[in-house]
Structures are given as structure tokens and as C-alpha cells.
Participant: 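I am attaching a structure below and will ask some questions about it afterwards.
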Amino acid sequence: MGAYAQELRATAKAMVARGKGIMAMDESNGTCNKRFAALGIPTTEEYRQVYRQLILTAPNLSNYISGPILYDETIRQSTTDGTPFVQFIQDAGMIPGIKVDTGAKDMAGHPGEKVTEGLDNLRDRIAEYYAMGARFAKWRAVITIDTAGDLPSWGCIEANAHGLARYAALCQEGGLVPIVEPEVLIDGDHTIERCLEVTDRTLAEVFVQLRNQRVEFDQMVLKPSMVIAGKTCLQQAGVDEVAAATIQCLQKNVPATVAGIAFLSGGQSIENSSAHLNAMNVKFRDRCPWPVTFSYARAIQQPALDYWRGDSRRIPEAQQRLLRRAEFNSAASLGQYSS
Ligand code: 13P
């Protein structure tokens, strides 16, 4: 048994506690700046700090959120009154998390596909983040589906699954609960059946690799994408169909001992993100061995970001818009959401 096993088990449970989800706010500077630029918000560290403070200080965020996932820049920042973000999070009764991958990069020999990097020096970075107060981590791998039916390649699925497993093992060694995130991208015109097939193969390989690397399932959280038709597919699946296909795929591939499932929103509409999660919990709760909740970024943040637009006078109302989505998704994790 690993040195941190007990602590990891308790942290993993707390991350997916009843009625709670995880707040993804770990956009890299590049991604954050892209979202700011689209709204005319200055792409500076100062504005990124203000925005992250807006999120973290939203009143009673901890009613709905077990912990936020931070980015390397953010975990070193403080509120304007000088309280380190990490301390603010702990004082609010939440658990600080940290993104540790260094991004999905073009994969050699695999045109159109990506492999996630970040294993170099990861043991040392984990030790630093643990010492700073982080108690869980995230690593995102992306799998692309193409129209021709050639992608994803087997090599891409295998390499990304292997990376996730190596990362997860290092996290558990160093006291961080790994969020294992294999995202099958929503981009494209593929059908829900094709998404099911790809998600099935991806999750199967992820769990083979996790086993091979001796990752403890009760000390990790899985962050999958939902099984859903591609964004530009003319035949969009209904809410119940998405919920049924997603749960079917998870039941087939995810060991019962995994501490929890926390979905990404992946570019779905904010309404669908809540409705799909709700339908899964209304219809299949009794048949799932793990809690099924959310770890959304866009589906919680977007209304707040759109309203704030960098204007300090708009912060209180932007926080209310953020809290509304957090509350709705919390309700959806209990099967109690109605739009
Ligand atoms: P979205 O909910 O916007 O997909 O983001 C979740 C996430 O953490 C992606 O890595």
C-alpha cells in the first residue's frame, strides 16, 4: 500500500461528495488569453488574476464545488488583499487541485492527432505542488474523430492512455489524487454511434494501462467526455439517448472501485451539460457503482465571463451567474435539475 493511500482515498471521496462537483479553472495562459481576446478583455496576468479571484470568491461556491483545478500561474497568485489563493480555497472548505500536463502536442507520425506531454520532471513538480497545498491533479488527453473514419489511430489511443497511467502513478506516489481525463473531442460530424465506439476503445485502453502502471482505482477520479454526436452531425441525439449511451459505455469499462466520475463539458451547450448529467442521475443512479458528477469549465464559467468582460463593476453579477450554473450542475448531480 502506498504511503499516501488513506489520504488519497479520503481526498478522492471528498472530490465527488454528494451534490458537489469540481470547478475546472485551469486554462493555460494561452487558452485563457484566447477566451479573453474574443471578448476584448486585456490578455495580461493582472486580468487573469482578477478573473480567477472572481471565480474563487463567488459567495458560498463551496456549497456546490468540492475543489477548483488551478493552473501553475494561478496556484502562485493571491487575492487582492494578499491571501494566497490556496489558503483562500482551504479556508473556504475546498480542496486545491492543479493541472500538471503541459499540453496536447502534435503527435509524430500521426497527422491530425495529438499526444499529451508533461512527464518530464513530473515527480519533482508534484512534490512542489503538494508542499504548496494541492491535493489532486489533472492531466487531459485528447482523442480526435475524423470524418473519413481513419482517426483515431490505435497508436494515438495507446500513447495517450500510457501517458495518463504514468502520470496517475506518479500522482499517487506523491500524494495527489489523479484526475484521469481522456477527452474524445466533440468536433466533427460523427454520429453518436461512432463516438460510442471510440469512447469504448479509449476507456478500455486507459484502464489496461492504469492497471499495468499499478494505479489504485479507489484513489483516482475519471473525467470522461460524454457519448454524444459530433458538433456538426446533422442527427443530434436526444438527452436520454446521450445519457443511456454514456452510462452503458462507463459500466462496460470503468471498474466499480473507481472513486468517482466527473464529466467535462467539452463544448456542449451549458443547458445540455446540465440536462445530460441530470438524466444520467435520474435514470441510472441505482445502477452506477460510482458517484456521477461534473468537472466543467466552460459550462460553468461562460455566462460569468461573457457578462464580466473585464469590468470590475460587473463582478458581483458575474459571480451570481457563475453560482447559478454551479448550483444547477450540483442539482443535476443529484438528478434534481430542471431548466
Ligand atoms: P470543459 O468543461 O470546458 O470541457 O473543460 C473541462 C476541462 O477541464 C477540460 O480539460
Side-chain angles (χ1 to χ4, degrees), residues 15-16 20-36 38-39 51-52 55 64-72 74-75 95-105 114-118 134 136-145 160 163-164 167-168 177-188 195 199 202 206 220-228 230-231 242 246 260-278 280 292-306 321-322 325-326 328-330 332-333:
M15 288 163 67
V16 293
K20 303 255 176 111
I22 297 160
M23 174 84 230
M25 49 179 291
D26 59 316
E27 297 85 0
S28 64
N29 288 349
T31 302
C32 186
N33 287 345
K34 224 187 287 168
R35 295 189 184 153
F36 277 13
L39 295 167
Y51 180 57
R52 265 62 186 258
I55 298 175
Y64 318 113
I65 300 295
S66 57
I69 316 173
L70 308 173
Y71 179 60
D72 184 72
T74 325
I75 200 171
I95 311 163
I98 180 76
K99 182 229 290 295
V100 299
D101 69 69
T102 55
K105 308 286 166 60
K114 307 226 179 248
V115 64
T116 300
E117 296 185 350
F136 70 92
K138 174 189 125 172
W139 176 292
R140 171 177 177 255
V142 297
I143 303 295
T144 306
I145 303 180
N160 276 298
L164 280 165
Y167 138 83
V177 172
I179 295 182
V180 173
E181 181 178 5
E183 175 173 2
V184 176
L185 294 173
I186 197 175
D187 307 313
C195 181
T199 308
T202 301
V206 164
M220 63 163 272
V221 169
L222 180 71
K223 177 164 174 168
S225 41
M226 295 183 193
V227 175
I228 192 169
K231 221 172 185 169
V242 170
T246 304
I261 310 282
F263 286 104
L264 58 94
S265 59
Q268 302 178 54
S269 70
I270 51 176
E271 288 80 15
N272 279 347
S273 304
S274 303
H276 289 150
L277 179 62
N278 189 63
M280 288 182 224
V292 174
T293 187
F294 62 93
S295 173
Y296 296 158
R298 283 164 288 179
I300 297 182
Q301 291 185 38
Q302 205 59 48
L305 184 59
D306 287 344
R321 292 183 186 211
L322 180 97
R325 288 327 304 180
F328 284 168
N329 288 309
S330 160
S333 76

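First listed ligand is number 1; within each ligand, the first listed atom is number 1. Note that these values count all heavy atoms, side chains included, but never hydrogens, waters or copies made by symmetry.
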Participant: Just heavy atoms, cut-off under 4.0 Å: does Ser295 contact ligand 1 by side chain, backbone, both, or neither?
Facilitator: backbone
Participant: Would you find more than 12 non-hydrogen atoms of other residues, nucleotides or ligands less than 6.0 Å from Lys105 atom NZ?
Facilitator: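 Atom NZ in Lys105 is crowded, with more than 12 foreign heavy atoms closer than 6.0 Å.
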Participant: Please compare Glu183, Glu181, Lys223 and report which has the shortest non-hydrogen distance to atom 8 (O) of ligand 1.
Facilitator: Lys223
Participant: I need the atoms of ligand 1 closer than 4.0 Å to a non-hydrogen atom of Lys138, numbered in the order shown.
Facilitator: 7 (C), 8 (O), 9 (C), 10 (O)
Participant: Among protein heavy atoms, which lies nearest atom 5 (O) of ligand 1, and at what distance?
Facilitator: Ala297 CB, 3.2 Å
Participant: What is the distance from atom CE of Met23 to atom CD1 of Ile65, rounded to the nearest 0.5 Å?
Facilitator: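 Met23 CE to Ile65 CD1: 6.0 Å, rounded to 0.5 Å.
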Participant: Can you list the ligand 1 atoms lying under 4.0 Å from a non-hydrogen atom of Ala24?
Facilitator: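 Those of ligand 1 that fall under 4.0 Å from Ala24 are 8 (O).
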Participant: Heavy-atom contacts with Tyr296 under 4.0 Å: which atoms of ligand 1 show up? List them by number with element.
Facilitator: 2 (O)
Participant: In the protein, which heavy atom is nearest to atom 3 (O) of ligand 1, and how far is it?
Facilitator: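 Protein heavy atom with the smallest distance to atom 3 (O) of ligand 1: Arg298 NE, 2.7 Å.
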Participant: Just how far is it from atom CD1 of Ile143 to atom OG1 of Thr202, taken to the nearest 0.5 Å?
Facilitator: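 Result: 4.5 Å between the selected atoms.
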Participant: Could you point out which residue of Leu264, Ile22, Ile300 forms a side-chain contact (heavy atoms from CB on, under 4.5 Å) with Phe294?
Facilitator: Ile300
Participant: Which of the atoms in ligand 1, numbered in the order shown and given with their element, are less than 4.0 Å from a heavy-atom of Gly266?
Facilitator: 1 (P), 2 (O), 4 (O)
Participant: Using distance alone, determine whether Ser265 and ligand 1 share an N or O pair under 3.5 Å.
Facilitator: yes
Participant: Is there a heavy atom in Gln301 that sits closer than 4.0 Å to ligand 1?
Facilitator: no
Participant: Looking only at non-hydrogen atoms, find the nearest pair between Cys195 and Ile145 and report the distance.
Facilitator: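 In this case the closest contact between Cys195 and Ile145 is CA-CD1, 4.0 Å.
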Participant: I'd like to know whether Arg298 forms a salt bridge (Lys or Arg N to Asp or Glu O under 4.0 Å) with Glu27, so could you lay out the CA-CA distance, the side-chain angles of the two residues, the decisive distance to 0.1 Å, and finally the verdict.
Facilitator: CA-CA 10 Å; Arg298 283 164 288 179; Glu27 297 85 0; over 6 Å; no
Participant: Roughly how far apart are Thr293 OG1 and Leu277 CG, rounded to 0.5 Å?
Facilitator: 6.0 Å
Participant: Donor-acceptor pair, Lys223 side chain versus Ser295 backbone, under 3.5 Å?
Facilitator: yes
Participant: For Lys99, is the nearest heavy atom under 4.0 Å from an atom of ligand 1?
Facilitator: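 Contact check Lys99 vs ligand 1: negative.
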